[in-house]
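To start, the structure itself, in structure tokens.
What you see is a predicted model; the values in this text were computed from it and never measured.
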Amino acid sequence: MHVEVTTLKQENGKTFGNEERMFEGYKTSEGFRREDFAKMNSFLGEEILRTVDTATQLECFPEEYDDIKFQGLRHDVTARQLIEVKLLDRLTVEHLHSGQKTIEEVQKSLEKFLTKPTAIAGVYLESSKEILSFSLATKRRIIGKALALAFLEAQAATGFIIDPTTGQKFSVDDSVVRGLVDNEFKSRLHEAEKAVLGYCCSGKVVSVYQAMEARFLERQKGKNILEAQIATGGVIDPIRSVRVPPETAVQLGLLNNTILKFLHEPSSNAKCFHNPNNRKAMYYCDLLKMCLFSVSSNCLLLPIGERRISSPSAEKSHRISVVDIKTGAEMTSYEAYKKRSVDKATYLELSKQEFDWKESTCFDSDGSSFILLTDHKTGVQFNVEDTINQGRIDRALVNKYKEGLITVSELGDILLSSSQPKKDLNSPIAGFWLSETNERIPVLKASRRNLVDRVTALRCLEAQVSTGGIIDPFTGKKYSVSEALQRELIDDGCAKQIQQCELIFTGIIHPVRNTVMSAVEAMSTNALDKEMGMRCLEYQYLTGGLIDPKSHSRLTMEDGIKCGVIDAVTATKVKDENLYVKVITCPKTKKKLTYKEALESAVFDCHTGLRLLEAAQPMKTGISSLYYAS
């Protein structure tokens, strides 16, 4: 709650900062009612009283802390103020005093919170590889005025108006003078700019949240501004003119936990930004994940076009996230870093938008430990010891990682780059791919998250187990039913229903002769359910051929007949596509599909080479009409 304390000190000392002078002209133009001023004074009075105890507990900083100044969003900020918002520690200040660090070095390390343009600066036309400002994109009728205004308001509310071709940043007034913004947008952008400069009333400068609480700012609009601010680096403290992390913002009274908790819940905070490619409503943080980084202007651009170069893909390990207009190059963040087109800090920042690598130490059955690297966004996993044994990386690289010479993001990118499996044309559907998040999802988990219906999940598991085992789509490894149960790839209900399918792969023992029976023989002796048996034979046939339960080798239908794995009549039925039943409900289109159609519509995962079926965001449960026959 330091904001109000600072404001009180400024008022008592009659030393008004840039914010006060800047808002002198607004006091008579904001249209506040007399009762509104009363509410504001009451609100601020309560907040100030609550912060008195906190203020008395603050340590007294040496006066020289006020002499060390950094460039903030709109004016200078002192070392004392940066310590107050936990962006700076005393040790760093001491290093500045002793000459061990320079102002420039510290300024650079804090640029995300101080001066860096972090909002979406403009658009990138995929067809012509041009960079356009939002205003210019409107004039060329690439996007509508309402859309352009929303993005410009987001710029104004998160720091400054940005020139996407140069990366320069301006106030609203300066951007209008320079022709970067049309004059017709000026008044709306001035309102948005108050989120940075502060909402001024009765001589007090207050933040977005405080204006919401005092009912001077419409609550939904305030939430949208806070969501955009947090997405671009932090909640803006208008007194100190810095961005602060959300947790610190709560402590300072610039935010509360309830708003923070439900900021990305559509029922609490509606999505107010739109993807220009499909008009889909999105949060600002999700639009940022789609953006490209311009090497020439050092700012973020929203790609527009049919190529969808920045969209996640199951078939590509990295998405395009960096563009160099001078050369026309479109690169992944890792490629740009290797080519030295971006520095390490920028690379790591871009990588975090795409991946979230975490290291964990696991133990095998022998008790030996190994490092497991997991991307918490896509679900992809690497057993580092396995990759060394496979010759994909050397131990020296892992030692560099252990010594802290390379980051976990770099190691993850190196492992992704070295992992280029071939497409497994014999793969059943190994799991599901959620295009919105680029996430790989095991069958059971997809069912529990309502991405697919239970019947579809069971049919996919039947196909997996009858062709070799339950698949972990994160690693591509296959497991028996009992092992999959232990690893929670299936539950008890699934295990009971697919147990017989496993016997088709492992072989069913004849109760009298004690010999391995074929699926057809097992069906004829009622040792195997006929309908399930036919489905499993179909799964095998469609994924590369029948499987000999004795040798586990694939057989053509003709060889299967010769070996006695199948008879001619059953073989004819299995090959007849007209007899295929639509047993799969497409998790994206909700249409009914045969397993053959599902295989044909699946994508091959670049990490495992296995087939994944694309899914859409969770559907509502219990609505059978969502599933219909094509």
Completion exercise
Quick note, side chain to side chain donor-acceptor pair (under 3.5 Å) partners involving residues 281-293, not counting sequence neighbours, are none
Exercise for the section: May I ask you to check whether over 12 heavy atoms, not counting those of R308, lie within 6.0 Å of atom CZ? Expected result: no
Exercise for the section: Would you confirm whether K377, through its side chain, and K352, through its main-chain N or O, come within 3.5 Å as a donor-acceptor pair? Expected result: yes
Exercise for the section: Count the heavy atoms of every other residue, nucleotide or ligand shown that sit under 6.0 Å from NZ of K344, and state whether that count exceeds 12. Expected result: yes
Handout entry: Expected output: side-chain K590 to main-chain P587 donor-acceptor under 3.5 Å
Key = yes
Practice task
Apply the test side-chain contact (heavy atoms from CB on, under 4.5 Å) to residues K139 and D182: give CA-CA distance (whole Å), side-chain angles for both, the deciding distance (0.1 Å), then the verdict.
Solution key: CA-CA 10 Å; K139 290 175 182 176; D182 291 339; 3.4 Å; yes
Exercise for the section: State whether a side-chain donor-acceptor pair under 3.5 Å links D413 with Y337. Expected result: no
Practice task
With the side chain counted from C-beta on, respond yes when R319 and S311 share a heavy-atom pair under 4.5 Å apart, and no when they do not.
Solution key: no
Handout entry: Gap separating the CZ atom of F134 from the CD1 atom of I143, nearest 0.5 angstrom
Key = 6.0 Å
Handout entry: Main-chain N/O of S241 paired to R74 side chain as donor or acceptor, under 3.5 Å
Key = no
Completion exercise
Taking every heavy atom of F273 against every heavy atom of A154, the minimum-distance pair comes out as CE2-CB, 3.8 Å
Problem - Min side-chain heavy-atom separation F160-Q155 under 4.5 Å - result: no
Exercise for the section: Would you check if E126 and E330 make a side-chain contact, meaning some heavy-atom pair closer than 4.5 Å? Expected result: no
Practice task
Go through the steps for L599 and R611 under the test side-chain contact (heavy atoms from CB on, under 4.5 Å), then give the verdict.
Solution key: CA-CA 7 Å; L599 290 173; R611 283 188 174 96; 3.7 Å; yes
Problem - Sidechain-backbone polar pair: N224 side chain, A270 backbone, donor-acceptor under 3.5 Å - result: yes
Practice task
For the residue pair V443 and Q464, establish whether any side-chain heavy-atom pair is separated by less than 4.5 Å.
Solution key: yes
Handout entry: Backbone of V106 reached by a side-chain donor or acceptor of S109 within 3.5 Å
Key = yes
Problem - P246 to L255 - nearest heavy-atom pair and separation - result: O-CD2, 4.1 Å
Exercise for the section: Please determine, by modelled atom types, if S133 and S135 share a side-chain donor-acceptor pair under 3.5 angstrom. Expected result: no
Handout entry: Of all pairs that satisfy salt bridge (charged side-chain N to carboxylate O under 4.0 Å, His left out), the ones with a partner from residues 144-157, not counting sequence neighbours
Key = K145-E184, E153-R188
Problem - Shortest non-hydrogen contact between N277 and G305, atoms and distance - result: OD1-N, 3.0 Å
Exercise for the section: Could you check if a side-chain atom of V452 sits within less than 4.5 angstrom of a side-chain atom of S447, using non-hydrogen atoms only? Expected result: yes
Exercise for the section: Give a yes or no on whether the ring-centroid distance for H318 and F355 is below 6.0 angstrom. Expected result: yes
Handout entry: Any donor-acceptor pair under 3.5 Å from Q229 side chain to I236 backbone
Key = yes
Problem - Sub-4.5 Å side-chain heavy-atom contact between L302 and S310 - result: no
Exercise for the section: Quick one: closest heavy-atom pair of G144 and T138, and the distance? Expected result: O-OG1, 3.9 Å
Problem - Distance, nearest 0.5 Å, that separates CD1 of I371 from OH of Y401 - result: 6.5 Å
Practice task
Could you tell me whether K221 and E191 make a salt bridge, using a distance below 4.0 angstrom between a side-chain N and a carboxylate O?
Solution key: no
Practice task
Check the side chains of K582 and T594 for a donor-acceptor pair under 3.5 angstrom, ignoring hydrogens and angles.
Solution key: no
Practice task
Start with the C-alpha distance between V408 and K358, add both sets of side-chain angles, then the distance that settles side-chain contact (heavy atoms from CB on, under 4.5 Å), and finish with yes or no.
Solution key: CA-CA 7 Å; V408 67; K358 301 292 182 186; over 6 Å; no
Practice task
Look at K108 together with E104 and state whether they make a salt bridge at an N to O cut-off of under 4.0 Å.
Solution key: no
Handout entry: Rounded distance [0.5 Å steps], NE2 in H274 versus NZ in K271
Key = 10.5 Å
Problem - Rounded distance (nearest 0.5 Å) linking atom CG of D324 with atom CG of L292 - result: 12.5 Å
Problem - Side-chain donor or acceptor of T456 paired with backbone N/O of T585 under 3.5 Å - result: yes
Problem - L489 vs L444, side-chain contact (heavy atoms from CB on, under 4.5 Å): CA-CA, chis, key distance, verdict - result: CA-CA 6 Å; L489 290 171; L444 178 63; over 6 Å; no
Exercise for the section: Could you check L152, L136, D163 and say which one makes a side chain to side chain contact (heavy atoms under 4.5 Å, CB included) with L180? Expected result: D163
Handout entry: R307 side chain near I320 side chain, heavy-atom distance below 4.5 Å
Key = no
Completion exercise
Exactly one of D605, T608, D472 clears side-chain hydrogen bond (donor to acceptor under 3.5 Å, both in side chains) with R440, and that residue is D605
Handout entry: NZ (K129) with more than 12 external heavy atoms under 6.0 Å
Key = yes
Fill in the blank from the handout: Taken to the nearest 0.5 Å, the spacing of I388 CD1 from N383 CG works out to 9.0 Å
Exercise for the section: Check whether any side-chain N or O of S317 sits under 3.5 Å from a backbone N or O of S417 as a donor-acceptor pair, and report yes or no. Expected result: no
Exercise for the section: Taking all heavy atoms of Q220 and all of E218, pick out the closest pair and write down the distance. Expected result: N-OE2, 3.0 Å
Problem - N/O donor-acceptor pair under 3.5 Å between E439 side chain and G379 backbone - result: no
Handout entry: Close side-chain approach of V85 to F113, heavy-atom, < 4.5 Å
Key = no
Completion exercise
Between the CG atom in D356 and the OG1 atom in T378, the distance rounded to the nearest 0.5 Å is 9.5 Å
Practice task
Evaluate the salt bridge (Lys or Arg N to Asp or Glu O under 4.0 Å) criterion for residues E600 and K596: first the C-alpha distance (whole Å), next the side-chain angles of each, then the deciding distance (0.1 Å), finally the verdict.
Solution key: CA-CA 6 Å; E600 290 169 347; K596 182 177 186 294; 2.6 Å; yes
Completion exercise
Residue set satisfying ring-ring contact (aromatic ring centres under 6.0 Å, His included) with Y124, at least two apart, ordered chain then number -> none
Problem - Shortest non-hydrogen separation from E436 to A615 and the atoms involved - result: OE1-O, 4.0 Å
Exercise for the section: For R448 and N450, test the side chains for any donor-to-acceptor distance below 3.5 angstrom and give the result as yes or no. Expected result: no
Handout entry: E193 side-chain N/O to V172 backbone N/O, donor-acceptor pair under 3.5 Å
Key = yes
